[in-house]
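Atoms within each ligand, like the ligands themselves, are counted from 1 in listed order. Residue numbers run from 1 in the order of the sequence given.
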Amino acid sequence: MMRNIPYGKQHITSEDVEAVNKVLLSDFLTQGPTINKLEEAFAQYVGAQYAVAVANGTAALHLCALALNVKAGDKVITTPITFAASANCVRYAGGDVVFADIDPATYTIDIAKVRALLEASPKGTYTGIIPVDFSGYPVNLEAFRQLADEHGLWIIEDACHAPGGYFMDSKGKKQMCGNGAFADLAIFSFHPVKHIAAGEGGMITTNSKALYDKLLLLRTHGITKNPDLLEENHGGWYYEMQELGYNYRLTDFQAALALSQLSRADAGLKRRETIAKKYDEAFARLGIIKQQREAKHHNAYHLYVIEVDRRKELYDYLREAGIFSQVHYIPVHTMPYYKKLGWKKGDFPLAEKYYERCLSIPMYPSLTDEEQDYVIEKIKSFFER
Ligand SMILES: *Cc1c(COP(=O)(O)O)cnc(C)c1O
């Protein structure tokens with residue numbers, strides 16, 4: 001009997017443990033030098049100029065909304081097929097969320113639907129867009145930037161699923177998720193199910209110095225000690241609270257874990273690709289509808305999603321066999337909180353149809369060949385019954 005196989009899982013090595021131990025025995029548990037090292041390494045990894053480490057991906061989204069001055073009355077567009085935090089950050093800052101349906105081929109927000117929304121209202125109605133690189137599939141941000149510029153919008157790229165993912169732009173240039181070339185800000189999560197695990201943790205990347213400075217301030221209570229920024233200066237102890245910020249810091253030992261994991265990120269991506277390819281080939285013959293991808297988009301495979309007719313039956317069948325698949329996601333607009341705000345079932349038929357059929361099957365670098373074979377065999381046997 002196999003041990004239980006989840007849909008996603010962290011992988012901790014003895015190097016990871018050693019890196020954390022080293023920080024635990026150092027002078028800094030938080031706000032120390034490892035944070036800066038992680039920020040530099042991460043910025044370099046995704047090709048952005050600046051990176052700001054924060055407590056988790058949700059805090060990253062909240063700070064982005066604040067840095068972009070989201071306020072009451074602002075309308076921000078996002079996808080219903082995402083983790084609720086992608087939408088919630090707008091609400092934290094007092095703004096309104098407007099959803100746009102997905103492209104059934106990629107499961108990401110459909111730019112045609114976003115364009116239709118924007119063109120149906122006077123300019124200035126909307127202030128921003130939050131596209132999500134769902135499952136690791138990079139959204140074409142070049143196209144979104146063009147649309148955003150036409151309507152004076154900012155873009156926050158929710159790249160939680162996609163560190164290492166990229167697409168080729170219209171000039172044939174490789175554009176890494178989170179590189180800040182098209183989005184104003186991008187965010188990542190270091191939750192254990194994501195590519196880089198730190199227990200909890202998040203990162204914001206940007207190419208804007210002004211946004212970077214603002215994020216640094218907001219991350220620690222809005223407090224600065226930087227002599228260049230102070231309005232007054234009473235001496236060595238002096239600091240000022242200039243904005244209403246939060247404590248959204250990451251600890252140094254979490255940063256050490258994330259940094260150690262980041263050094264293996266490419267190897268992890270390769271393994272995810274190999275797993276995806278094997279699933280692709282195994283299911284091609286079964287006639288299961290699976291995720292379609294444009295060759296230009298290089299998926300980071302946070303998830304491997306299949307679409308099937310008898311989804312609940314398959315979910316239960318796999319569970320019985322010790323395979324814990326998952327559903328990503330229950331459409332956000334159908335959550336009771338968003339229903340209270342006026343959204344309802346039926347608003348986004350493509351997202352809702354996708355939800356009826358989707359299943360995320362095991363996808364993580366430490367999934368063994370035997371385990372994957374077992375998953376494939378069980379899925380096949382379900383359809384052959
Ligand atoms: C995980 C996730 C988040 C939130 O990250 P946390 O670190 O769990 O707060 C936001 N958006 C998406 C798409 C995610 O997958």
### Task
Would you check whether T82 has a nitrogen or oxygen atom less than 3.5 angstrom from a nitrogen or oxygen atom of ligand 1?
no
### Query
Does the pair K344/D347 count as a salt bridge with the N-to-O cut at 4.0 Å?
yes
### Message
Assess whether a salt bridge exists between K123 and E150, defined as any Lys/Arg side-chain N lying under 4.0 Å from an Asp/Glu carboxylate O.
### Response
no
### Message
Around atom CZ of R319, are there more than 12 heavy atoms from other residues, nucleotides or ligands closer than 6.0 Å?
### Response
no
### Pair E18 + K22, salt bridge at N-O below 4.0 Å
no
### Task
For residues A197 and L257, report the shortest heavy-atom separation together with the two atoms involved.
O-CG, 3.4 Å
### Message
Show the atoms of ligand 1 that are less than 4.0 angstrom away from any heavy atom in Y329.
### Response
15 (O)
### Query
Is any side-chain N of the basic residue among D266 and R271 closer than 4.0 Å to the acidic one's carboxylate O?
no
### Task
May I ask you to identify the nearest protein heavy atom to atom 4 (C) of ligand 1, giving residue, atom name and distance to one decimal place in Å?
T58 OG1, 3.6 Å
### Residue-ligand contact K194/ligand 1, heavy atom below 4.0 Å
yes
### Query
Who gets closest to atom 8 (O) of ligand 1 by heavy atom: G202, A87, S189?
S189
### Task
Check D158 against ligand 1 and report side chain, backbone, both or neither, counting heavy atoms closer than 4.0 Å.
side chain
### Summary
Of H62, H328, H161, the residue with the heavy atom nearest atom 15 (O) of ligand 1 is H161
### Query
Looking at E240 and K225, does any basic side-chain N land under 4.0 Å from a carboxylate oxygen?
no
### Task
Give the single entry among C160, G57, P192 that approaches atom 10 (C) of ligand 1 most closely by any heavy atom.
C160
### Residue portion contacting ligand 1 (non-hydrogen atoms closer than 4.0 Å) for F188
neither
### Task
Would you check whether S86 reaches within less than 4.0 Å of ligand 1, judged by its heavy atoms?
yes
## Note on the structure
From the list Y355, F348, W343, Y338, ring-ring contact (aromatic ring centres under 6.0 Å, His included) partner of H333 resolves to F348
### Query
Is it the side chain (CB and beyond), the backbone, both or neither of N56 that lies under 4.0 Å from ligand 1, heavy atoms counted?
both
